[in-house]
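What you are looking at is a predicted structure, and each value in this text was computed from that prediction instead of being measured. In this chain, residues are counted from 1 in sequence order.
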Amino acid sequence: MTSADGASALIARHCRELLAAPAFRDDPALRDDPALRGDPTLRDVVAQCGQPLRVLLVGSISTGKSTLLNALVGRTLAATAFAETTSTVTWYHAPDLPPPDLPDPGHRSVACDFPLARHVLLGDTPGLDSVVHSPRETLRMLGGSDLTGAAAAFVCVLTGGRIDQWARGIEELAAFSAGPLDAVGNIVVAMSKIDLVSDPVEEIEEKVRRTTPVPFRFAAVNQLMAATARTGGVDARVLGALDALRERPDVLARPTLSWERLAEQTSDGLPPGHLDALRRAIGGPAWLPALVRATAGRTSAAEVAEVFEELSRIRTLEAVLADIAADRDLFTATAANLRLHRLAARLPDGPAALLRARLDAMAGSREFALLSRRAAGRLIERSGVDGLDAWEARLAVRLLRSEAVERSDASAASARWREHAADPFRDSRFRELAALVVDAAREALSDPRSDAPRKKEAG
């Protein structure tokens with residue numbers, strides 16, 4: 001969806017009109033009131049609605065956030081620039097796009113080509129518990145300030161030992177960023193340093209989900225391997241270490257591996273520094289057996305780097321972010337709408353009334369109705385709804401997305417979801433969702449496309 005489409009474009013138009021001086025001509029008391037003319041939040045909402053999805057990377061220090069950022073953008077942040085880079089919010093954008101308007105004059109942007117560059121505007125933030133740099137800029141982006149909601153999606157980087165500490169933060173993040181139907185979907189928990197966690201990834205994910213009831217997406221990443229693969233870290237020393245270990249299957253067959261023991265057992269076959277280079281490239285040694293097997297027959301650095309990237313799971317995280325960015329209008333409009341409501345609460349009575357009138361007009365628009373349907377579709381498709389079979393769920397999603405369906409299917413869906421809406425044992429959110437499906441089915445029945453013969457999906 002482009003900036004010319006949907007609810008984001010509607011929000012941007014209303015904000016531009018509020019920013020323009022003619023909006024005050026009919027009210028002499030407000031004609032010279034600067035409360036809305038040039039308001040920085042209104043200006044930034046206009047910018048946000050025309051940009052790729054703003055995704056903010058947040059986390060505590062020592063969680064591997066910077067290494068994960070290196071992997072996502074495919075570049076190494078120089079050690080001399082590390083402090084400067086993480087002292088404020090830095091946004092990474094596609095080099096072929098115009099430099100983005102930023103939420104705050106203190107932020108900065110870096111043109112950088114990376115896999116998600118055309119889909120997201122990726123923001124890096126100072127660590128929330130940094131003792132070197134104040135986390136104020138990060139906190140301003142997260143809640144309770146003029147920049148609240150300036151990001152539309154969040155990647156929360158945590159490690160196995162910080163799950164409990166982050167549970168409350170994820171819940172608060174969801175509370176102020178939830179959109180239609182209270183559907184979140186814009187929060188990704190990125191479990192970093194999984195090379196140091198002995199539990200299977202599936203168990204880690206289940207542990208995170210049990211810790212907090214908030215629905216979110218999950219991705220576990222070995223950010224060291226990902227960054228090594230994408231920043232040229234697979235060199236001759238790494239290749240030499242893998243070749244030497246491949247010739248020593250007895251070493252890798254041991255039930256527990258440690259770098260110290262490996263160094264002792266390969267001291268006669270590896271030049272100094274080779275094993276250490278491999279350690280810095282992959283983290284924990286538990287990954288070695290799978291890595292050695294997967295790189296068998298790969299002779300070039302590029303081929304081995306591809307294996308590193310695949311095993312690191314970085315592509316899984318990027319697929320989740322790309323899926324969220326595919327609904328840019330939903331998440332951007334949700335963030336912008338919430339920002340405007342918070343702005344109205346801070347303004348004097350007169351300008352607040354003007355802004356609230358615009359918000360009311362937008363809330364009753366066709367664009368916002370479709371936004372609610374899109375949220376309902378994501379809720380059914382991504383989170384699942386109890387009591388629905390697969391075919392019924394797929395049909396509901398197609399209706400909510402205004403896709404063409406057979407008239408008989410639309411009629412069956414309307415009858416079934418009316419039953420759902422009237423079910424007293426369903427919660428209020430489900431009944432609201434059911435009402436949206438019924439409305440979408442009614443529109444589909446009046447759509448000439450529904451008369452076209454179509455092959456029914458298999459159940």
Side-chain angles (χ1 to χ4, degrees), residues 1 3 6-8 11 44-45 47-59 65 68-69 71-73 89-94 100 102-103 107 109 114-125 128 137-143 147-158 166 169-192 208 212 214-219 221 314-339 342 371 374-375 377-379 381-383:
M1 182 170 286
S3 59
S8 297
I11 292 173
D44 187 54
V45 167
Q48 183 176 17
C49 288
Q51 292 170 343
L53 184 76
R54 288 182 180 175
V55 178
L56 198 67
L57 196 65
V58 298
K65 184 169 64 71
L68 181 61
L69 174 72
L72 289 171
V73 302
V89 178
T90 303
W91 297 92
Y92 293 85
H93 65 94
L102 302 179
H107 295 186
S109 66
F114 57 99
L116 293 169
R118 297 201 62 80
H119 305 289
V120 306
L121 189 62
L122 183 63
D124 183 30
T125 61
L128 287 173
E137 288 301 321
T138 304
L139 295 173
R140 289 182 68 210
M141 298 288 287
L142 297 183
L147 286 186
T148 299
F154 305 88
V155 176
C156 302
V157 184
L158 50 86
W166 258 98
I170 293 173
E171 291 178 23
E172 292 178 350
L173 195 60
F176 81 74
S177 64
L181 302 169
D182 288 330
V184 183
N186 62 334
I187 299 173
V188 183
V189 172
M191 178 67 69
S192 68
V208 175
T212 173
V214 175
F216 54 82
R217 309 294 290 276
F218 179 87
V221 182
I314 188 68
R315 295 173 187 170
T316 300
L317 174 59
E318 289 173 335
V320 170
L321 291 175
D323 176 67
I324 295 174
D327 268 332
R328 186 200 73 85
D329 187 50
L330 169 61
F331 294 114
T332 295
T334 295
N337 186 48
L338 290 171
R339 294 182 74 185
R342 295 186 184 102
L371 209 63
R374 190 74 185 184
R378 284 192 70 92
L379 186 63
E381 189 174 42
R382 285 8 181 245
S383 302

- State, to 0.1 Å, how close A333 and L371 come at their nearest heavy-atom pair, and which atoms those are.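 So the minimum-distance heavy-atom pair works out to CB-CD2, 3.7 Å.
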
- List the atom of L53, the atom of A153, and the distance in Å for their closest heavy-atom pair.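 Answer, listing the atom of L53 first, then A153: CD2-CB, 4.1 Å.
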
- Query: Yes or no on side chain to side chain contact (heavy atoms under 4.5 Å, CB included) for L116 and Y92, after CA distance, side-chain angles and deciding distance?
  - Reply: CA-CA 10 Å; L116 293 169; Y92 293 85; over 6 Å; no

Are [X] and [Y] packed together at the side-chain level, in the sense that at least one heavy-atom pair is separated by less than 4.5 angstrom?
| X | Y | result |
| --- | --- | --- |
| L321 | H119 | no |
| L69 | L122 | yes |
| V221 | S192 | no |
| V120 | E318 | no |

- Message: My understanding is that only residues two or more places apart in sequence, or in another chain, count here; which of them pass side-chain hydrogen bond (donor to acceptor under 3.5 Å, both in side chains) with D44?
- Response: R54, R339

- Please round to the nearest 0.5 Å and tell me the distance separating atom CG of L56 and atom CG of N186.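 Those atoms lie 11.5 Å apart.
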
- Measure the OG1-CD1 distance between T334 and I11 for me, rounded to the nearest 0.5 Å.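 One finds 8.0 Å between OG1 of T334 and CD1 of I11.
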
- Task: Examine distances only and state if a side-chain atom of T125 and a backbone atom of V89 form a donor-acceptor pair shorter than 3.5 Å.
- Result: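 No; judged by distance alone, with no hydrogens or angles, the pair does not exist.
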
- Task: Apply side chain to side chain contact (heavy atoms under 4.5 Å, CB included) to I314 and L68, showing your working.
- Result: CA-CA 9 Å; I314 188 68; L68 181 61; 3.8 Å; yes

State which residues pass side-chain contact (heavy atoms from CB on, under 4.5 Å) with [X]; sequence neighbours excluded, sorted by chain then number.
| X | answer |
| --- | --- |
| A335 | Q48, A152 |
| V320 | V188, R217, I324 |
| L102 | W91, P100, H107, S109 |

- Can you find a side-chain donor-acceptor pair between D329 and S8 that sits under 3.5 Å? yes

